[in-house]
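To start, the structure under review is shown below, and the notes come after it.
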Amino acid sequence: AHPDKGEARSTSVIRHRKSRTSSMAECCNSTSGVYDNSSLIILSSSNGATVFVCFFAIMVTLFLGLFRQTVYRLALYQVLAAMEVGIVLVAQINLLNNDDKSFCIAMAFLFTQAMLAKLILTIWVTFHLVAFAVFHKNLKKLEIFYLVTTLLFSCLVASIPFATKSYGLSGSWCWIEDSENNCEKGKKDTTGIIEQFALWFGPSTAILLTTGIAMIVMLIVLAKRSRPRPEKNTITVTGHYQNRKALKQLLPLAVYPILFCLFNVFPLVDYLYDALHETANDSILESVSALCNAGLGFTTGMALIVHILVSKLLARNRKYVSESGGYGTMQP
C-alpha cells in the first residue's frame, strides 16, 4: 500500500547491515541474516513466561516433597526439559545485538538437545502409560533407563550437525541452517532442510502419529475395562481396586504426549511450507510457530501445577469424607 515506505525501510536495513559488515559475503556469514526480528522477539518473550511457569511448577513439586513419587518425577522431567528449551530460546534475544557465530552455534546445539530430550521423554511416558494401562506392567524400575537414554541420545543426535557444520541461523533464530549464504535471494539449502527433517521433523511426526494411536488404543481398552463385571473372589476384587488406583495416579501423565502432539502440528506445517518454497520464510507462519514452541513449554508447566492442585483437593476431600463417617461432600 505504501511502496515508498517499503523502499525506505529496505534501504535502511541494507545501510544498517553494510555498516556492520564490510561486504555482502560477510553479511551472509553473520547471524544478522535477512529475516524480520519480530519472530525472534515473540519467541524469546513468550518463552520468558514458559520459564517462569516451569520454574514455579518445579519449586512446588520440590516443596511438597512430591518428587518422591514416580508419577511426579516423570512429570518433573518433562517440565525440566521444557524449561531448558525456554531458557535457550529466551537467551537467543541476544541475536538482536550479537553477531557472534559461536554464540549462535552454541544456542542451536542446546536448543536441539533440549527439544530431543523432550521428544524422547514423551516416548518413554507414552510407553510407560500403555504398558501399565493395556498390559498391566508397572515399569517404574526403568526410570533410570529412561533418564540415561534421554540424555545420551539427545546429546549424541544433537552433535551430528557439528560434523556437517549445519548449525547457524534458521529463520529468525539459531538452529540448523536451511538457507544458503545468499542475502539477496535466500535460496534454500537442501542439505539443511533434509537434516532438519532427519533430526527433528521426521522423528517428531512419527512420534506424533504413534502417540496419537497409542492414546486412542489406551482409552478404548480403559473404556472396555471400566464396564461393571462380577468378580469371582476377594483377591480379584482387591487386585482390580489396586490397579484402578494406580491407573488414576498415572493417567495425568497422558496430558504430556497429547500436548506434544497438539503443539507440534503447526511447526510441521510451517516447515513443509518453508521447504516447498524457494525463498525466505513467511513471517506470520514463523511467528505462530514461535508461539507454538512457547505454548508447549507453558502448558507442560501448567499441566504439572494443575495435577498437583487436583491431587491435593481430592486428597483433602477424601480425608473430610473419612472423618465425617463417609457422609457429605466437602464444601469449598
Side-chain angles (χ1 to χ4, degrees), residues 31-33 35-61 75-98 100 103-122 150 154 158 167-178 196 199-201 204 208 255-271 274 281-306:
T31 56
S32 56
Y35 298 96
D36 189 1
N37 288 330
S38 60
S39 296
L40 177 61
I41 294 171
I42 291 171
L43 182 77
S44 295
S45 57
S46 58
N47 273 281
T50 292
V51 173
F52 174 80
V53 169
C54 288
F55 180 77
F56 181 74
I58 292 167
M59 289 297 102
V60 171
T61 306
L76 198 60
Y77 302 147
Q78 287 276 340
V79 176
L80 283 168
M83 189 170 76
E84 183 188 355
V85 173
I87 290 171
V88 172
L89 294 178
V90 168
Q92 292 204 30
I93 196 69
N94 288 320
L95 292 173
L96 293 175
N97 299 305
N98 188 350
D100 186 3
F103 171 80
C104 190
I105 291 173
M107 290 296 101
F109 168 76
L110 291 173
F111 174 62
T112 305
Q113 185 274 325
M115 288 295 288
L116 286 170
K118 188 81 171 64
L119 172 66
I120 297 169
L121 285 170
T122 300
T150 296
S154 63
Y167 278 141
L169 194 70
S170 176
S172 295
W173 50 82
C174 296
W175 190 37
I176 298 169
E177 292 179 332
D178 57 0
Q196 285 182 353
L199 297 187
W200 177 251
F201 288 107
S204 63
L208 190 152
V255 72
Y256 300 106
I258 293 171
L259 289 174
F260 181 86
C261 292
L262 290 176
F263 283 99
N264 274 285
V265 170
F266 197 89
L268 176 62
V269 172
D270 181 33
Y271 165 77
D274 193 35
N281 301 18
D282 183 280
S283 59
I284 296 176
L285 289 176
E286 193 176 49
S287 296
V288 177
S289 184
L291 288 173
C292 286
N293 281 325
L296 176 58
F298 184 87
T299 52
T300 297
M302 285 301 300
L304 179 54
I305 294 171
V306 171

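A donor-acceptor distance shorter than 3.5 angstrom exists from the side chain of Ser170 to the backbone of Ile176, with no hydrogens or angles considered. Side-chain atoms of Thr50 come within 3.5 Å of backbone atoms of Ala294 as a donor-acceptor pair (strictly under, hydrogens ignored). Gln92 places no side-chain N or O within donor-acceptor distance of the main-chain N or O of Leu40, the cut-off being under 3.5 Å. Remark: the backbone N or O of Thr300 is not paired with any side-chain donor or acceptor of Gln78 at under 3.5 angstrom. With hydrogens and angles ignored, the 3.5 Å screen pairs no side-chain donor or acceptor of Ser44 with any backbone N or O of Ile41.
The shortest non-hydrogen separation linking Ser154 to Ile120 is N-CD1, 3.9 Å. Residues Ala303 and Val255 share a closest heavy-atom pair of CB-CG1, 3.8 Å. Heavy atoms only, all atoms of each residue included: Trp173 and Leu95 are closest at CA-CD1, 4.1 Å.
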Handout entry: Full working for side-chain contact (heavy atoms from CB on, under 4.5 Å) between Val288 and Asp270
Key = CA-CA 9 Å; Val288 177; Asp270 181 33; over 6 Å; no

Handout entry: Verdict with reasoning, Trp200 to Thr112, per side chain to side chain donor-acceptor pair (under 3.5 Å)
Key = CA-CA 8 Å; Trp200 177 251; Thr112 305; over 6 Å; no

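No side-chain heavy atom of Leu119 sits under 4.5 Å from any side-chain heavy atom of Met115. At least one side-chain heavy atom of Met107 sits less than 4.5 Å from a side-chain heavy atom of Leu110.
Within 6.0 Å of CZ on Phe103 lie more than 12 heavy atoms contributed by other residues, nucleotides or ligands.
Ring geometry for Phe201 against Tyr271 counts as parallel: the plane angle stays under 30°, on a 0 to 90° scale with 60° as the upper cut.
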